[in-house]
Visitor: 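First, the structure itself, so that you have it in front of you.
In the text below, chain A, chain B and the rest are named by the order of the sequence lines, each starting its count at 1. Just so we're clear, the structure is a prediction, and the values are computed from it rather than from any experiment.
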Amino acid sequence: MQQISFKEDSTKNRISLEAMLNPSQWEAVAFREGSILVIAGAGSGKTLTLTCRVASLVNEGILPRSILLLTFTRKAAQEMLRRATDLLDNRCEKVSGGTFHSFANTILRQYAAEMGFPNGYAIIDRTDAEDLIGMIRKEMNFSSKIRSFPTKKTLMDIFSRAANKVLSIEDIVFMEYVHFSSDIETIARIHREYRSRKILHGFVDYDDLLIDLRNLLYEHAEICDKISLSYQYIMVDEYQDTNKIQAEILYLLSTANKNVMVVGDDSQSIYAFRGANFKNIMEFPKVFPAAKIIRLEENYRSVQPILTLTNMIIDRAVEKYSKRLFTQKKEGSTPILINTADEKNQSLFVVQTIYELNKRGIPFNDMAILFRAGFHSFDLEIELGREGISFKKVGGFKFMESAHIKDVLAHLRVLSHPHDRLSWYRILSLIDNIGPQKAHMIYERIAGEQAGYLSLVNNKFPSHIEKHIDRLKQFFMLLHTKNLSVCELGEAVLKYYTPALKKKFDDYPKRAKDLEQLVVIMERYQSLVAFLTDMALEPPNTSSENRLETDVSTDDRLTLSTIHSAKGLEWHSIFIIWALDGRFPSIHAIDNEASLEEERRLMYVAATRAKENLFFIYPQDIYDRSAGMRLSRPTRFLDDIPDEILEKRSEGIRDWSYDI
DNA sequence: GCCGGTTACCTTTTT
DNA sequence: GGTAACCGGC
C-alpha cells in the first residue's frame with residue numbers, strides 16, 4: 001500500500017497528488033464529468049485512488065455531502081474517509097458513505113410512509129427472517145409428514161436468491177433446488193405469506209432494503225429527481241460484487257448528474273451466491289454510454305514470485321477480462337504447498353511457523369490465516385490457545401445471531417416496535433410455563449391495541465398465565481416510569497434477563513460477559529432505533545476466542561479470517577489452510593461450473609492478500625462425514641504448477657512434541 | 001393440551 | 001452448536 005500523508009495548500013496538493021500516483025491512477029482521480037469504469041487488479045492501489053479522488057473533489061469545493069461513496073462494508077468507507085481527511089482536512093468526514101444497505105435504510109426512513117409503513121419499520125436479520133418463515137411453516141402445517149420438505153433456512157435461501165437475482169421462486173427452485181421441484185406450490189405459498197407477514201408486522205429484511213429503494217426511485221419520479229440531484233458525484237467500490245438491483249439503484253441515482261465512477265475487479269468477484277453478478281462490470285459501458293475505461297495493472301503489494309503464481313491461478317479462469325499484473329518487487333520467496341498427516345499436524349505446522357516468523361521479526365499482526373469456512377479454524381484455535389498466542393477471528397461465527405444476544409435485543413426491540421411478533425414470542429417463551437401456544441395467545445391479546453408493552457402491563461390474563469408474567473410486567477413498568485438512556489435500558493434488560501440466562505445456558509458466565517460487552521457498545525448510542533439498526537446492518541463480526549471485540553486496538557495479534565472477510569486486506573505472511581480438494585473448492589461447488597469458477601476466484605483473492613510469504617497447507621487423507629468420501633488431494637487450483645513457481649513440501653507425520 | 005427434555009443429523013461464504 | 005421430530009410428564 002502506498003503511503004500518503006501531507007496537508008498543503010491546494011496548488012501544491014494537486015501537484016503532489018499527481019506525483020504520488022501512477023499515470024492511470026491519476027487519470028482516474030482527475031476524471032470529472034461523465035461515467036468511468038476502473039478495472040483495478042489486486043493490490044493496484046484501488047483504495048488510494050478512491051481516497052485521492054474524494055480528497056481532490058472536496059479540495060475543489062464540491063460539497064462533501066453531495067459526494068456519495070458506496071462500499072462493501074461501512075468499515076471500508078470509514079477507512080477511506082479517514083485517509084482522505086489525513087490527506088486534506090476534516091471536510092472529508094462529511095462525505096456521504098456506507099454500504100448499499102445502510103444507504104438504502106437512510107433514504108427509506110425518510111419515505112417510510114410512501115413504502116406503506118406509516119409507523120416506520122424494523123430491520124430483521126437473517127435469523128429473524130428464518131424464524132418468521134419457521135412460524136409460517138408451522139402454522140401451515142408443513143413441518144411434519146413431508147419428510148424432505150426444505151427447512152426454514154433453505155426456504156430463506158431460496159427467497160433471498162430469488163430476490164437478489166430478480167427471478168421468481170419457481171426459477172430458483174428449478175435451477176438450483178431441483179430436488180424440491182415437487183414442493184414448488186407450497187414453497188411459493190409460504191413465500192407469499194412471508195411477504196404479507198413482513199408488511200403486516202412492519203419488517204424489512206436485507207433484500208427488501210435494496211428492492212424497496214429501487215422501487216421507491218423507480219415509481220416516484222419526483223423523489224428520484226430530488227435524491228439524484230443531491231448527489232453530484234457517485235463512487236462505487238467493489239463493483240464486481242454488486243447485484244442487478246444495486247446496479248439499477250446506481251442507475252436511478254445518477255439520472256440527474258450522471259457522474260459515476262465504479263471500481264472493481266472481475267477476477268475478485270466472490271459473492272455470486274448472494275446474487276452478485278460480475279457481468280455488471282462488463283455491462284457498465286452499455287448502461288452508461290461513453291464510459292471511460294481505465295485499468296490499474298501495477299501491483300504494489302506482492303513480490304514477483306507470489307504474483308507469478310496468482311497470475312497463473314486466475315489465468316485458468318474460464319471467463320475474465322484479460323489483464324496481467326506486474327510489480328517492481330522482483331525479489332522474494334517462492335510460495336509453498338505443504339502437506340501434513342492430519343488436521344492436528346496442520347495446526348501444529350502453522351503455529352510452529354508463525355513462531356519462527358515472529359522470532360525473525362515479523363509482528364503477529366502482519367500475519368493471517370485464511371480459510372474457506374468459519375469452522376475450518378476450530379482445531380487451530382485450540383492449538384493457538386494452548387500456545388498462548390492471542391488472535392482475532394473475523395467472519396464465520398455471527399455474534400449477533402447467538403441466542404443470548406437475540407434474547408436481550410428482543411426486549412429492546414418491542415420498545416420501539418410494538419408489533420414485533422418475533423420479539424414478543426421470544427421474550428414470552430423465555431418465561432417458565434410459557435411456550436408457543438400461550439405466547440400466541442398473549443400476543444393476540446395485546447396486538448390489537450396500539451399501546452405496545454403497556455398493553456401487556458394493563459391487560460389482565462387468566463391466573464395460570466398471570467402468575468408467570470408478573471415479573472415481566474414489573475420490568476416494563478420500571479422502564480415506563482423511568483426515562484432511561486440506551487445504555488441504562490440495556491442494564492435494566494440484563495438485570496431482568498440474567499435468571500433466564502442462567503437457566504437456559506450452562507455456559508452462562510461466558511455469555512454474561514458477552515452481554516456486558518453489548519452494554520458497552522450501547523454507551524455509544526443516543527437513540528435506541530439507531531442502536532438496533534446498526535446491530536442489524538453492521539453487526540460487529542470480530543471476536544477473540546469467540547467473545548466480542550469492543551475496541552479496535554492496534555495491538556500485536558494474529559488474524560484468523562474467512563477469505564470473504566479478508567477481501568481488500570493484506571499481510572506480510574499468509575497461510576491458507578485446508579487447501580484440500582473437497583474443502584476448497586468446497587464439495588458443494590464441484591459439480592457446477594459457475595460455482596467452481598467462483599471458488600477459483602476465491603482462491604485468487606486469498607493468495608493475493610500476501611505481500612512476502614504465501615503458504616498453502618492441506619492435511620492428507622481426511623474422511624469427510626457430510627460428503628461421505630475421502631479427501632486426499634490438494635486443491636485442484638494448484639494442479640500442474642511447476643516446482644520453481646510453487647515449492648512442494650511434505651511434513652508428513654512428524655513428532656511435534658517440541659519444547660516450548 | 002401443552003411444555004420441556006432427548007435424540008439424531010447437518011454445518012460455505014454475508015449485507 | 002443448532003434444528004426438528006419425538007416422547008413423557010404435568
Side-chain angles (χ1 to χ4, degrees), chain A residues 70-76 98-105 123-127 129-131 134 137-138 142-154 156-157 160 163-164 204-210 238 241-243 245-246 269-276 370-376 378 394-398 400-403 406 429 431-441 464-465 468 503-507 533-539 541 546 561-567 578 582-589 595 598-599 601-602 605-606 624-628:
Chain A
L70 294 169
T71 55
F72 203 69
T73 62
R74 185 171 58 176
K75 225 175 111 192
T99 62
F100 268 95
H101 290 84
S102 65
F103 172 72
N105 178 56
I123 299 170
I124 56 171
D125 68 15
R126 183 71 183 223
T127 36
E130 286 169 10
D131 287 349
R137 206 182 85 141
K138 213 167 203 169
F142 292 120
S143 38
S144 54
K145 303 226 159 91
I146 312 163
R147 205 144 269 283
S148 60
F149 193 75
T151 61
K152 58 184 181 181
K153 196 173 183 304
T154 311
M156 183 55 194
D157 230 50
S160 188
N164 282 294
V204 167
D205 69 19
Y206 290 148
D207 305 329
D208 293 332
L209 284 169
L210 300 181
E238 309 280 11
D241 285 323
T242 56
N243 63 32
I245 310 168
Q246 290 166 318
S269 163
I270 54 176
Y271 280 91
F273 70 91
R274 86 180 203 209
L370 305 182
F371 31 84
R372 177 71 184 82
F375 69 90
H376 288 170
F378 286 168
V394 190
F397 172 76
K398 305 272 193 312
M400 278 302 145
E401 291 179 4
S402 49
K406 297 236 92 170
S429 302
I431 301 168
D432 276 352
N433 292 307
I434 295 181
Q437 297 303 321
K438 283 187 190 130
H440 179 72
M441 188 275 227
H464 69 285
I465 289 178
H468 297 298
K503 186 163 182 279
K504 197 170 168 184
F505 305 103
D506 47 14
D507 61 343
T533 300
D534 270 14
M535 291 307 104
L537 284 183
E538 309 272 350
N541 72 336
N546 269 346
S561 176
T562 60
I563 297 164
H564 284 87
S565 300
K567 189 167 80 157
W578 287 110
R583 275 288 210 288
F584 195 178
S586 155
I587 194 97
H588 304 106
S595 358
E598 175 140 320
E599 298 281 308
R601 294 190 296 267
L602 198 54
V605 169
D624 189 295
R625 280 241 314 280
S626 69

Visitor: Does a side-chain N or O of A:S565 approach OP1 or OP2 of B:dT13 to a distance below 4.0 Å, or not?
Guide: no

Visitor: Check A:D125 against A:E401 and note the closest heavy-atom contact, atom names and distance.
Guide: OD2-CG, 4.0 Å

Visitor: For A:R137 and C:dT3, what is the distance between atoms CZ and P respectively, to the nearest whole Å?
Guide: 12 Å

Visitor: With the side chain of A:N433 defined as its heavy atoms from C-beta on, choose the nearest nucleotide among B:dT15, B:dT12, B:dC3.
Guide: B:dC3

Visitor: Report the distance from atom CG of A:L209 to atom P of B:dT15, rounded to the nearest whole Å.
Guide: 13 Å

Visitor: With respect to the side chain of A:H101, which nucleotide from B:dG4, B:dT15, B:dT13 is positioned closest?
Guide: B:dT15

Visitor: Looking at B:dT14, I'd like to know if its phosphate oxygens (OP1 or OP2) sit under 4.0 Å from a side-chain N or O belonging to A:R74.
Guide: no

Visitor: Please compare A:I431 and A:G374 by the position of their nearest nucleotide in DNA chain B and report the one closer to 5'.
Guide: A:I431

Visitor: So, using ring pair (Phe, Tyr, Trp, His ring centres under 6.0 Å) as the criterion, who are the partners of A:F371 when residues are at least two apart?
Guide: none

Visitor: Taking N or O atoms only and anything under 3.5 Å, show me the protein contacts with nucleotides 5-9 of chain B, one pair per line.
Guide:
none

Visitor: Salt bridge or not for A:R126 and A:D205, using N-O below 4.0 Å?
Guide: no

Visitor: Find the distance A:I270:CD1 to B:dT13:P and express it as a whole number of Å.
Guide: 13 Å

Visitor: Check A:P585 against A:E599 and note the closest heavy-atom contact, atom names and distance.
Guide: CA-OE1, 3.2 Å

Visitor: Does a side-chain N or O from A:K152 land closer than 4.0 Å to OP1 or OP2 of C:dA4, or not?
Guide: yes

Visitor: Do the side-chain N or O atoms of A:T562 get closer than 4.0 angstrom to the phosphate oxygens (OP1, OP2) of B:dT14?
Guide: yes

Visitor: Nearest of B:dT11, B:dC3, B:dT14 to any side-chain atom of A:P436?
Guide: B:dC3

Visitor: Considering only C:dA4, B:dT14, B:dT12, which nucleotide approaches the side chain of A:K398 most closely?
Guide: B:dT14

Visitor: Expressed in angstrom and rounded to an integer, what is the separation of A:E598 atom CD from B:dT13 atom C1'?
Guide: 8 Å

Visitor: Quickly work out the A:M156 CE to C:dT3 C1' distance and round it to whole Å.
Guide: 17 Å

Visitor: In plain terms, say whether A:R274 and A:D157 are close enough for a salt bridge, that is, a side-chain N and a carboxylate O under 4.0 Å apart.
Guide: no

Visitor: Under 4.0 angstrom, heavy atoms only, what part of the nucleic acid is A:I434 near: base, sugar-phosphate, or nothing?
Guide: sugar-phosphate

Visitor: Provide the closest heavy-atom pair for A:R372 versus A:R583 in the form atom of the first, atom of the second, distance.
Guide: CG-O, 3.6 Å

Visitor: Measuring from A:K504:NZ to A:S429:OG, what's the distance to the nearest 0.5 Å?
Guide: 8.5 Å

Visitor: What is the distance, to the nearest angstrom, from the CD1 atom on A:I245 to the P atom on B:dT14?
Guide: 20 Å

Visitor: Looking only at heavy atoms, which two atoms of A:Y206 and A:A536 are closest? And how far apart?
Guide: OH-O, 2.5 Å

Visitor: Tell me the interatomic distance from A:K138, atom NZ, to C:dT3, atom C1', rounded to whole angstroms.
Guide: 10 Å

Visitor: Quick one: sort the A:H564 and A:F273 rings into parallel, tilted or perpendicular, breaks at 30° and 60°.
Guide: perpendicular

Visitor: Checking all strands, does A:K438 fall into the base, sugar-phosphate, or nothing category for heavy-atom contacts under 4.0 angstrom?
Guide: sugar-phosphate

Visitor: Could you pick out which residue, A:L537 or A:D432, lies toward the 5' side of DNA chain B when each is mapped onto its nearest nucleotide?
Guide: A:D432

Visitor: Between the base of B:dT13 and the ring of A:Y271 - centre-to-centre under 5.5 Å, planes within under 30° - is that a stack?
Guide: no

Visitor: Taking atom P of B:dT13 as reference, at what distance in whole Å does atom CZ of A:F371 sit?
Guide: 10 Å

Visitor: Can you list the residues that meet the side chain to side chain contact (heavy atoms under 4.5 Å, CB included) rule with A:A129, with sequence neighbours excluded?
Guide: A:I124, A:M156, A:Y194

Visitor: Applying side-chain contact (heavy atoms from CB on, under 4.5 Å) between A:F103 and each of A:T71, A:L209, A:L210, A:L70, report the one that passes.
Guide: A:L70

Visitor: Counting heavy atoms from C-beta on, name the nucleotide in B:dT15, B:dT13, B:dC3 closest to the side chain of A:Q437.
Guide: B:dC3

Visitor: Taking N or O atoms only and anything under 3.5 Å, show me the protein contacts with nucleotides 8-10 of chain C, one pair per line.
Guide:
none

Visitor: Minimum heavy-atom separation for A:T562 and A:S565, please, with both atom names.
Guide: OG1-OG, 3.0 Å

Visitor: Would you please name every residue forming a ring pair (Phe, Tyr, Trp, His ring centres under 6.0 Å) with A:F72, sequence neighbours left out?
Guide: A:Y271

Visitor: Given a 3.5 Å cut-off on both pairing distances, which stems involving DNA chain B, each at least three consecutive Watson-Crick or G-U pairs, are present, if any?
Guide: B:1-10 with C:1-10

